[in-house]
Amino acid sequence: MNQIDHSPVLVTGATGRVGRLVVDQLLDAGVTVRALTRSAAAAATLPAKAEVFVGDLTVPESLDPALSGAGAVFLVWTAPPQTAAAVVERLAAHVRRIVFLSSPHQTPHPLFQQPNPMAVLHADIERLIAATGLDATIIRPGMFASNSLAWWAPAIRAGEVVRWPYGAAESAPVDDRDIAAVAARTLSEDGYVGGDYVLTGPESLTQAAQLDAIGDALGRRIAFEEITPEKFRSLWAGTAPSSAVDMLLAAWKAAVGQPAYITTAVADILGTSPRTFRQWAADHASMFTEGS
């Protein structure tokens, strides 16, 4: 594959868990990177080689300086839906190429077919992108391996029992580094225009098995207690939107007894096998320890 051109690539969500890695991957590939952040203070967390721009998806005109002269954009939607149409219109006026971080809402698997406000938003943005005629690629990660940090790390760090519903629910967590590598490859090389890729890890694991893998990485057993959906809602009240909690509970319930949906997209694009969840856990073990 050859690089598309030498124009800068704008990375939205540049300090997020995927965007930050995309910035590094593109810089390593010799691509000029423009990193969009909502706060000038966040620039300190970005590499010196990245050109940092302050802008906000809720203020579409604030993107113009970062878009001027850019050739492509990595779009991660991290805002309410109201400005999506105006933002996509602005992108289309400046760049030729877009890679959009979406979700597997079209995938015929019970885990991904539950009511999900984020999936509705992603589908709407995809329609907006398609209507512009931009050279587009859609990447659709399944469950992120790093979700376990938000879900389980606080209890694990404290040495407490992980209380969680649907321990038998299966998924194929994909490593954030593999998602970022696919995004960078499809942004910087030709051959991916029109591509639509569902990204997964290489193996189907229950949530309980994922906790076991984290325990193995830490060298100790993690105690797990199955709780009811009602108890889970109570524990997470005020911590996450109720719509997100309902979506997760429905997805996990539907995934019990269903082997996870697995694709070869990561290997097909990168030429290397996707990282296993066990490898992710070993590489991030320190993030589950006290004081991390």
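Predicted model only: the values in this text are computed from it and were never measured. No hydrogens, no waters, no symmetry mates; every other heavy atom, side chains included, goes into these values.
Within a 6.0 Å radius of CZ in Arg38, no more than 12 heavy atoms belonging to other residues, nucleotides or ligands are found. Other residues, nucleotides and ligands place no more than 12 heavy atoms under 6.0 Å from the CE atom of Met118.
Using a 4.0 Å cut-off between a side-chain N of Lys or Arg and a carboxylate O of Asp or Glu, Arg177 and Asp283 qualify as a salt bridge. Using a 4.0 Å cut-off between charged side-chain N and carboxylate O, Glu225 and Lys231 make no salt bridge.
Shown here are the ring-ring contact (aromatic ring centres under 6.0 Å, His included) partners of Phe53, two or more places apart in sequence or in another chain: there are none. The side-chain contact (heavy atoms from CB on, under 4.5 Å) test applied to Pro202 returns Pro274, Thr276, not counting sequence neighbours. When the side-chain contact (heavy atoms from CB on, under 4.5 Å) test is applied to Arg127, the partners found at least two apart in sequence or on another chain are Ala123, Asp124. His284 meets the ring-ring contact (aromatic ring centres under 6.0 Å, His included) test with Trp280; sequence neighbours excluded. His105 is linked by a ring-ring contact (aromatic ring centres under 6.0 Å, His included) to nothing, counting only residues two or more places apart in sequence or in another chain.
Every pair passing ring-ring contact (aromatic ring centres under 6.0 Å, His included) that includes a residue from residues 232-276 is listed here, sequence neighbours excluded: Trp151-Trp252, Trp164-Phe232, Trp164-Trp236, Trp164-Trp252, Phe232-Trp236, Phe232-Trp252.
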Could you give me the CA-CA distance, side-chain angles and deciding distance for Thr137 and Arg97, then say whether side-chain hydrogen bond (donor to acceptor under 3.5 Å, both in side chains) is met?
CA-CA 8 Å; Thr137 302; Arg97 180 96 177 87; 2.8 Å; yes
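We find the OG-CD1 distance between Ser146 and Ile179 to be 7.0 Å, quoted to the nearest 0.5 Å. Between atom CD of residue Glu189 and atom CD1 of residue Ile269 there is a gap of 10.5 Å, rounded to the nearest 0.5 Å.
No option in Gln258, Glu203, His109, Gln210 other than Gln210 meets the side-chain hydrogen bond (donor to acceptor under 3.5 Å, both in side chains) test with Ser171.
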